[in-house]
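Accompanying notes for the structure given below.
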Amino acid sequence: MNLRSIVEALQLEVLTGDDLLDRPISGGYISDMLSDVLAHAAPDCLWVTRQAHQNVIAVASLLGLGAVILVNCPVPAALIDKARDESLVLLQSDLMAFELAGQLYALGLRGCRRD
Amino acid sequence: MSIVYGEMFLTESVKFFWGCTVGEQATFEVSYTVEGADFSIAGEGAARLKRVLQQVGLPPALVRRIALATYEAELNVVIHAYRGVIKARVSSALVEVWVEDQGPGIPNVELAMKEGYSTAPDHVRALGFGAGMGLPNIRRNADALKITTVVGEGTALYMTFAGPSSEV
């Protein structure tokens with residue numbers, strides 16, 4: 001499954017990286033704790049969070065995540081600039097994290113975990 | 001051995017050191033400073049080190065482990081200390097990373113190594129830090145970790161990672 005099909009199916013807003021949507025996605029991970037994501041999220045997975053600050057981009061970029069989906073939070077301009085600088089796909093959804101996760105799962109996406 | 005500091009090593013010269021003459025171990029060193037409490041550029045040192053390690057062609061999984069452990073150590077400096085420095089010495093056999101700070105030190109290292117234990121203040125936790133997983137994440141990703149700390153003075157982490165040519 002690639003990012004474009006997920007973005008279209010769930011009508012996600014693409015904040016950065018609309019030229020990178022052909023990227024394949026390996027699964028999903030939800031957490032608002034950065035060290036938890038660093039410990040367990042796998043490369044190429046989607047990260048769903050409501051932490052909207054630049055350290056999220058640093059972590060996602062460091063791990064080589066497929067995209068970050070921000071839920072239920074305002075998005076500062078500096079965050080978008082940082083994501084663009086790092087060539088990271090930043091998405092936004094109007095759904096609550098729980099509903100978004102359910103819809104991602106219904107699309108066939110599964111949780112990813114790197115041990 | 002060549003020593004390169006900061007910005008300079010985002011240049012072609014790194015590739016040269018790595019692919020150095022047979023018979024002499026190609027080694028280079030890098031260093032970055034870290035400012036305490038500056039969350040706007042937190043993780044920049046780890047990100048730069050990652051780019052350099054990618055440039056010299058270390059395996060992606062190894063680069064990820066080094067970057068991740070360095071990021072956690074760098075964030076510990078930003079969260080807890082006044083300032084610090086990240087130093088790395090890279091050869092094909094071994095990657096060594098030092099993260100040293102001037103800061104409060106760690107009163108109980110054994111406790112700090114426990115997953116879930118954190119002394120991060122609330123405003124830092126609100127950013128998603130302070131899960132109490134920093135040092136455990138470092139231990140999990142580094143092949144060896146040594147912590148030297150003096151309360152009221154600072155902390156020095158020394159991490160090593162076996163390089164691609166280490167399995168001889």
Side-chain angles (χ1 to χ4, degrees), chain A residues 16 23-24 26-27 29-66 68-88 90 97 112-115, chain B residues 32 34 37-54 59-79 86 112-118 120 123-142:
Chain A
T16 64
R23 183 173 181 151
S26 64
Y29 199 85
I30 302 185
S31 181
D32 291 332
M33 297 304 281
L34 306 189
S35 283
D36 175 46
V37 175
L38 283 168
H40 301 306
D44 300 316
C45 80
L46 283 178
W47 175 17
V48 178
T49 182
R50 66 144 298 154
Q51 290 283 3
H53 54 80
Q54 296 173 52
N55 299 284
V56 167
I57 307 302
V59 167
S61 173
L62 200 116
L63 288 174
L65 301 187
V68 173
I69 308 182
L70 299 171
V71 286
N72 199 22
C73 56
V75 182
L79 178 65
I80 295 174
D81 291 343
K82 171 91 171 165
R84 195 174 289 122
D85 288 349
E86 297 283 335
S87 298
L88 185 83
L90 189 61
C112 62
R113 188 185 167 109
R114 175 181 52 83
D115 287 307
Chain B
Y32 308 105
V34 182
D38 188 351
F39 285 92
S40 68
I41 54 163
E44 194 58 37
R48 287 186 186 185
L49 178 60
K50 181 188 173 187
R51 280 195 286 274
V52 170
L53 298 177
Q54 283 172 329
L62 176 61
V63 173
R64 193 177 300 117
R65 283 200 292 126
I66 297 168
L68 202 157
T70 305
Y71 178 86
E72 290 283 19
E74 180 175 1
L75 263 292
N76 278 346
V77 175
V78 176
I79 292 167
I86 300 170
M113 292 301 295
K114 260 176 92 170
E115 198 149 323
Y117 179 82
S118 173
H123 71 274
V124 170
R125 289 175 197 249
L127 294 172
F129 298 108
M133 294 175 71
L135 287 173
N137 271 355
I138 293 171
R139 182 171 51 187
R140 199 175 296 124
N141 283 281

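Atom set for the values below is all heavy atoms of this structure, side chains included, hydrogens, waters and symmetry mates excluded. Chain identifiers are assigned alphabetically (A, B, ...) following the order of the sequence lines, protein sequences preceding nucleic acid strands; residue numbering begins at 1 within each chain.
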Looking at every heavy atom in both Glu72(B) and Leu38(A), which two are closest together, and how far apart are they? OE2-CD1, 3.4 Å

Proximity breakdown for Asp32(A) and chain B, heavy-atom pairs closer than 4.5 Å: backbone

Let's test your reading of the structure: which of Ala131(B), Gly132(B), Gly43(B) forms the most heavy-atom pairs below 4.5 Å with chain A? Ala131(B)

Pairs of heavy atoms under 4.5 Å with chain A: top-ranked of Ile41(B), Asn137(B), Val63(B), Asn141(B): Asn137(B)

Work out which heavy atom in Leu68(B) is nearest to a heavy atom in Leu63(A); give both atom names and the distance. CD1-CD2, 3.8 Å

If you tally heavy-atom pairs under 4.5 Å between each of Arg125(B), Glu44(B), Lys50(B), Arg140(B) and chain A, the highest tally belongs to Lys50(B)

The interface call for Arg50(A) against chain B, heavy-atom contacts under 4.5 Å, is neither

What's the shortest heavy-atom distance between Met133(B) and Ser35(A), and which atoms? CB-CB, 3.6 Å

Minimum heavy-atom distance Asn55(A)-Ala42(B), with the two atoms named: OD1-CB, 3.6 Å

For Tyr71(B), is it the side chain, the backbone, both, or neither that has a heavy atom closer than 4.5 Å to a heavy atom of chain A? side chain

